[in-house]
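A quick write-up on the structure given underneath.
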Amino acid sequence: MVAKICTLVWLTLSVFAWVHAGEFSMRVEKVSAFYVIGKLGQGSVEDKDSWIPPLWAEASGNVNEIAGHVKRANSGMPSGIWAIMSDHNETFKPWDATGGKYLAGFEALDDSAPPDGWVKWRVPDYEYVVVETTLARYGEAFSHTLTTLLPEKGLALAGAVHERYPSPDDPSVVELYFPVHHSSGTARTEYPLQIVRTASGKACSFPMQMNITPLSKSFIRLA
């Protein structure tokens, strides 16, 4: 248990377990509510390549506009790079076959108002299973967590899965945050979540792999 530094920002309160599940590192955390400011979009899974990468390009390319609104590391870089997902109604439920909303942005100070053109969300507190992987193995880690790791621990998904990019210098590394609750009885092995079928009937998982390499090129120290 670590001390609570401030309220309603991203803060790990406790780490219940560390395991090495296959080739994926996993931990279980309770995380307080936190804020993310970024560029918001919505769309379908099938069209994700046309609308998600531009959100990252716009957010990273204009990060100085929110210099006074984001939390910073000692290096001057944003301290938390997040992709927060929700259903169309912004209730943080998983995406469905019609898609959902995607907020590409940075961990924000709790008392700041977003500038014009930016959106700020408060992410509720949850218990998360956090799985570290790479963009190259994103789909594998996502599927393995839902179908194997969560059922083995008697856990069920409680909402949309979020992404955190822990290193601006290496955007290929991603931490997947699965909000969970303890299931009663036998844990489910099938989830009506971000594993969906597109209009063409093709099975896929969302978020699917995307190239966010421009992040590492566009990030600059905040003034």
Side-chain angles (χ1 to χ4, degrees), residues 18-29 36 38 41-57 59-60 81-88 92-105 123 126 128-153 155-180 183 187-216:
W18 281 88
V19 299
H20 192 70
E23 298 180 33
F24 301 111
S25 295
M26 186 194 87
R27 64 186 186 269
V28 181
E29 297 181 358
V36 172
Q42 64 179 328
S44 69
V45 177
E46 284 188 321
D47 296 333
K48 56 94 182 176
D49 287 332
S50 68
W51 64 274
I52 291 181
L55 296 176
W56 281 114
S60 60
I81 305 169
W82 287 90
I84 303 297
M85 274 157 275
S86 178
D87 60 314
H88 290 293
F92 297 104
K93 292 179 181 178
W95 282 37
D96 58 23
T98 67
K101 293 189 175 183
Y102 187 105
L103 182 66
V123 183
Y126 277 113
Y128 290 93
V129 166
V130 183
V131 176
E132 183 176 313
T133 186
T134 63
L135 290 182
R137 301 190 65 192
Y138 190 120
E140 181 184 355
F142 197 99
S143 178
H144 183 65
T145 301
L146 294 180
T147 60
T148 303
L149 296 184
L150 296 190
E152 285 179 351
K153 289 187 167 293
L155 299 172
L157 198 71
V161 181
H162 308 311
E163 306 165 358
R164 181 174 183 268
Y165 296 89
S167 174
D169 295 328
D170 187 3
S172 67
V173 177
V174 57
E175 294 178 332
L176 302 178
Y177 277 69
F178 295 81
V180 296
S183 58
R188 293 183 299 168
T189 56
E190 296 182 359
Y191 298 84
L193 333 159
Q194 286 151 279
I195 293 183
V196 301
R197 290 191 177 272
T198 65
S200 63
K202 181 181 179 181
C204 61
S205 62
F206 187 84
M208 300 174 71
Q209 292 180 25
M210 61 182 179
N211 180 11
I212 62 164
T213 302
L215 281 176
S216 60

- Item | Nearest heavy atoms of Ala59 and Ala104, plus distance in Å | CB-O, 3.6 Å
- Is the Tyr126 to Tyr177 ring centre distance short of 6.0 Å? no
- Task: State whether the side chain of His162 and the backbone N or O of Met85 hold a donor-acceptor pair below 3.5 Å, judged by distance alone.
- Result: yes
- Could you give the distance from CD (Gln42) to CG (Leu55), rounded to the nearest 0.5 Å? 10.5 Å
- After noting the C-alpha distance and the side-chain angles of Leu149 and Val129, does the key distance pass the side chain to side chain contact (heavy atoms under 4.5 Å, CB included) rule? CA-CA 9 Å; Leu149 296 184; Val129 166; 5.7 Å; no
- Query: In terms of side-chain geometry, is the basic nitrogen of Glu175 or Arg27 positioned less than 4.0 Å from the acidic oxygen of its partner?
  - Reply: yes
- Message: Would you say that Val131 contacts Ser25 through its side chain, given a criterion of any heavy-atom pair below 4.5 Å between the two side chains?
- Response: no
- Message: Side chains of Leu176 and Glu163, heavy atoms from C-beta outward: is any pair under 4.5 Å?
- Response: yes
- Determine, stepwise, if the pair Val180 / Tyr128 fulfils side chain to side chain contact (heavy atoms under 4.5 Å, CB included). CA-CA 6 Å; Val180 296; Tyr128 290 93; over 6 Å; no
- Any donor-acceptor N/O pair, Asp87 side chain to Trp95 backbone, under 3.5 Å: no
- Message: Does Phe178 form a side chain to side chain contact (heavy atoms under 4.5 Å, CB included) with Leu146? I'd like the steps, not just the answer.
- Response: CA-CA 9 Å; Phe178 295 81; Leu146 294 180; 3.9 Å; yes
- Message: Could you check whether any side-chain heavy atom of Thr145 comes within less than 4.5 Å of a side-chain heavy atom of Leu150, counting everything from C-beta outward?
- Response: yes
- Message: Distance check, rounded to the nearest 0.5 Å: Thr133 atom OG1 versus Phe142 atom CZ?
- Response: 12.0 Å
- Message: Any donor-acceptor pair under 3.5 Å linking the side-chain atoms of Ser50 with those of Asp47?
- Response: no
- Query: Does Met26 reach the side chain of Lys153, with side-chain heavy atoms less than 4.5 Å apart?
  - Reply: yes
- Distance-minimising heavy-atom pair for Phe24 and Ala141: CE2-CB, 3.5 Å
- Message: Counting C-beta onward and ignoring hydrogens, is there a side-chain heavy-atom pair between Leu157 and Pro179 closer than 4.5 Å?
- Response: yes
- Message: Nearest 0.5 Å, please: how far is OG in Ser172 from CZ in Arg137?
- Response: 13.0 Å
- Task: Assert yes or no for the condition that the ring centre distance of Trp56 to Tyr165 is strictly below 6.0 Å.
- Result: yes
- Step by step, would you call Val174 with Leu135 a side chain to side chain contact (heavy atoms under 4.5 Å, CB included)? CA-CA 7 Å; Val174 57; Leu135 290 182; 4.3 Å; yes
